[in-house]
Amino acid sequence: MAETKREIERKYEATGETSPPDLTRVPGVSEVVDRGVTELDAVYYDTPDLRLAADAVTLRRRTGGSDAGWHVKFPVAAGARDEIRAPLSDTLPDELAGLLRSRVRDAEIVPAVRLRSARDVRHLLDADGALLAELSVDTVRAERLPEGAVATWTEIEVELADDIDPALLDAVEKRLRKAGVHPSASPSKLARALAETGSEPQAAPTPGKPGTAGAAVLAYVREQADAIVALDPAVRRDLPDAVHRLRVACRRMRSAFKTYRKVLDRHVTDAVGDELKWLAGELGVARDQEVLDARLRARVADLPPALALGPVEARLRRRDAALARNARHQALAALDSARYLTLLDTLDALLADPPLRKAARRDAHPVLARAVRKDHDRLRGRIEHALSLTPGHERDLALHEARKAAKRARYAADAARPSLGKPAKRLSKRVKAVQSLLGEHQDAVVARTALREFGIMAHGVGESAFTWGLLYGREEAAADAAERELPGVWARASAPELTAALTR
């Protein structure tokens, strides 16, 4: 079974004298204990075109030390990575292979580099003898596989212990710099090994002439495609908000295809958009369930105990557990499907050879500004139509359609921000407020449906349905409040100067 560890560390060049300075002068460090030398032998794997290294993802099989086994590392932030570990075996464990699938796909995984290190370890302890950080002086020999090119170097690595304030690393670095030790130019041993023993992974070229509408739109599309690939392992690991963020990337790309159809040929992008819609839909079951669960639990938690009649919380837990299992199974089945891999390959092909139209060669500013204004006008029509209807089911449906239009208008402005600057940013912020309010309205509508079902179920088995009816009434009031607030929020998002500012 794989386990995960958050790794927060910094690397330094070790030149000349490799013994680190006295670190007991670092605030909080009372003792430095020598733990001896450990021999480590690791083979790093990648595709022949180094797809993992290109995304700063590492896969290795290591022997020696206390954590021998298979390790996959994903970047989290500068100096921080999540390391997922699996026991030592002859072949890559399926669980780790799944985490790499969005990047590797059907390509072969082969040995790329072998690193053999003599690790001289020291523990930095506080006054109570608790571990603060581990400092190691690593003497490294890197061998490129299969060519056999070799590089050697020595580096100092400082890794923070669990639950220790990262400010300690700043204090240690200050002391190291005073002693003439400077940060490494390479973010990892693998990156340095690749650079010093052969070719490094090449960044994907950006299609389109800089400054043109085509280049601007394709940069945004690539950003969303990269997000889908990067968030795939996060969804598999069931990390918070991962499903939502992956769905948003799908929606943003679909929206860009529709908004900027003068730039990208819809005869090509419509089919891709359909596949993105399929993926978002498969993941949507899990996300929609998360949102509804959180909302209903919060509503129940806000009730005075005297108003919670019957096994309300127990019913919520049973329903949530069953639906969550089914939703996660559906999401993982989609990510494991051949259809999903085909979609990823299709996105790569589209970016490599984009279906650019005539407008793609024009200056980005007027082309993108016109498209953003058009989506804003579309939103205006949807909201005015919804507000013209009598409160009830038809208005609820119309407000939901307005919410979709608000997302599209906001995403259009976001895509145009590098070209249009602050006016697009302001428009996106105002439209986001409209989208959020319409989202609150739709969540209340969906919650009412679920609460009605709970009430029917409770009544059918002889339980009190009072609490479910009470919650239904509160959701009805929440929806009404959102409708009353909408005209004012929309007035701020539809001010004429907002869209006028998009034009130079």
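In this chain, numbering begins with 1 at the start of the sequence shown. The model shown is predicted, which means the values in this text are computed figures rather than measured ones.
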query: Taking R410 as the fixed residue, which of L427, D375, V431 is the one that meets the side-chain contact (heavy atoms from CB on, under 4.5 Å) rule?
result: V431
- prompt: Considering only heavy atoms from C-beta outward, does the side chain of T346 approach that of E275 to under 4.5 Å?
  reply: no
- prompt: Which distance, rounded to the nearest 0.5 Å, do you find between the CD1 of I8 and the CG of L169?
  reply: 7.5 Å
message: Before you tell me yes or no, could you show the steps for V248 and R245 under side-chain contact (heavy atoms from CB on, under 4.5 Å), namely the whole-Å CA-CA distance, both residues' side-chain angles and the distance that decides it to 0.1 Å?
response: CA-CA 5 Å; V248 168; R245 292 166 61 203; 5.5 Å; no
- line: Per side-chain contact (heavy atoms from CB on, under 4.5 Å), R81 is matched among V72, V57, T58 by T58
- request: Kindly compute the distance separating CG (L283) from CH2 (W278), expressed to the nearest 0.5 Å.
  value: 8.0 Å
- prompt: In terms of side-chain geometry, is the basic nitrogen of R295 or E440 positioned less than 4.0 Å from the acidic oxygen of its partner?
  reply: yes
task: Kindly give the heavy-atom pair with the smallest separation between R175 and L23, and that separation in Å.
output: CG-CD2, 3.6 Å
field: Test salt bridge (Lys or Arg N to Asp or Glu O under 4.0 Å) applied to D126 - qualifying residues, sequence neighbours left out
entry: none
message: Do the side chains of R247 and D288 get close enough for a salt bridge, i.e. N-O under 4.0 angstrom?
response: yes
Distance-minimising heavy-atom pair for A161 and L131: CB-O, 3.5 Å
message: Please determine whether a side-chain nitrogen of the Lys or Arg among D82 and K73 lies less than 4.0 Å from a carboxylate oxygen of the Asp or Glu.
response: no
message: Is it the case that atom CG in D302 sees more than 12 heavy atoms from other parts of the structure closer than 6.0 Å?
response: yes
Straight-line distance of S188 OG to L115 CG, nearest 0.5 Å: 9.0 Å
- request: With E159 as reference, evaluate R10, K11, K5 under the salt bridge (charged side-chain N to carboxylate O under 4.0 Å, His left out) test and give the passing residue.
  value: K5
- request: Decide side-chain contact (heavy atoms from CB on, under 4.5 Å) for V76 and R6; before the verdict, give the C-alpha distance in whole Å, the side-chain angles of both, and the deciding distance to 0.1 Å.
  value: CA-CA 9 Å; V76 176; R6 177 64 54 86; 3.9 Å; yes
- prompt: Is R101 paired with D232 through a side-chain N to carboxylate O contact shorter than 4.0 Å?
  reply: no
message: Salt bridge or not between D46 and R51? Use side-chain N to carboxylate O under 4.0 Å.
response: no
Short N-O contact, R237 and E95, less than 4.0 angstrom: no
- prompt: Just how far is it from atom CG of L92 to atom CZ of R61, taken to the nearest 0.5 Å?
  reply: 11.0 Å
message: When you compare the side chain of Y44 with that of L194, does any pair of heavy atoms fall below 4.5 Å?
response: no
field: Atom of L335, atom of R236 and distance for their closest heavy-atom approach
entry: O-NH2, 3.0 Å
field: For the student: nearest non-hydrogen atoms of M253 and I228, plus distance
entry: CE-CD1, 4.2 Å
- request: Enter the distance from K429:NZ to R492:CZ here, rounded to the nearest 0.5 Å.
  value: 11.5 Å
- prompt: Which atom names give the shortest non-hydrogen contact between P75 and A56, and what distance separates them?
  reply: CD-O, 3.4 Å
task: Answer yes or no: does atom CG of D34 have more than 12 heavy-atom neighbours from other residues, nucleotides or ligands under 6.0 Å?
output: yes
task: Just jot down the side chain to side chain contact (heavy atoms under 4.5 Å, CB included) partners of T38, sequence neighbours excluded, or say none.
output: L40
- prompt: Can you find a pair of side-chain heavy atoms, one from W153 and one from E196, that are under 4.5 Å apart?
  reply: yes
- prompt: With a 4.0 Å cut-off, would you call D265 and R357 a salt bridge?
  reply: no
message: Are E157 and K189 packed together at the side-chain level, in the sense that at least one heavy-atom pair is separated by less than 4.5 angstrom?
response: yes
query: Do any pairs count as a ring-ring contact (aromatic ring centres under 6.0 Å, His included) and have a residue in residues 62-90, sequence neighbours left out, and if so which ones?
result: Y45-W70
- request: Determine whether P183 and R177 make a side-chain contact, defined as any pair of heavy atoms from C-beta on separated by less than 4.5 Å.
  value: yes
- request: With the side chain counted from C-beta on, respond yes when V300 and L316 share a heavy-atom pair under 4.5 Å apart, and no when they do not.
  value: yes
message: Distance alone, cut at 3.5 Å: any donor-acceptor contact between the side chains of D41 and T63?
response: no
- prompt: When you check the gap from the basic side-chain N to the acidic O, do E134 and R122 get nearer than 4.0 Å?
  reply: no
query: With side chains defined as the heavy atoms from C-beta onward, is the minimum distance between N326 and H329 less than 4.5 Å?
result: no
message: One thing to verify: whether R297 and E313 come together as a salt bridge, which I'm taking to mean a side-chain N less than 4.0 angstrom from a carboxylate O.
response: no
- prompt: Which atom names give the shortest non-hydrogen contact between V217 and Y260, and what distance separates them?
  reply: CG2-CG, 3.8 Å
- prompt: With a 4.5 Å heavy-atom cut-off, do D120 and S136 have their side chains touching?
  reply: no
statement: One should read off an interatomic distance between D106 CG and T47 OG1, to the nearest 0.5 angstrom, of 12.0 Å
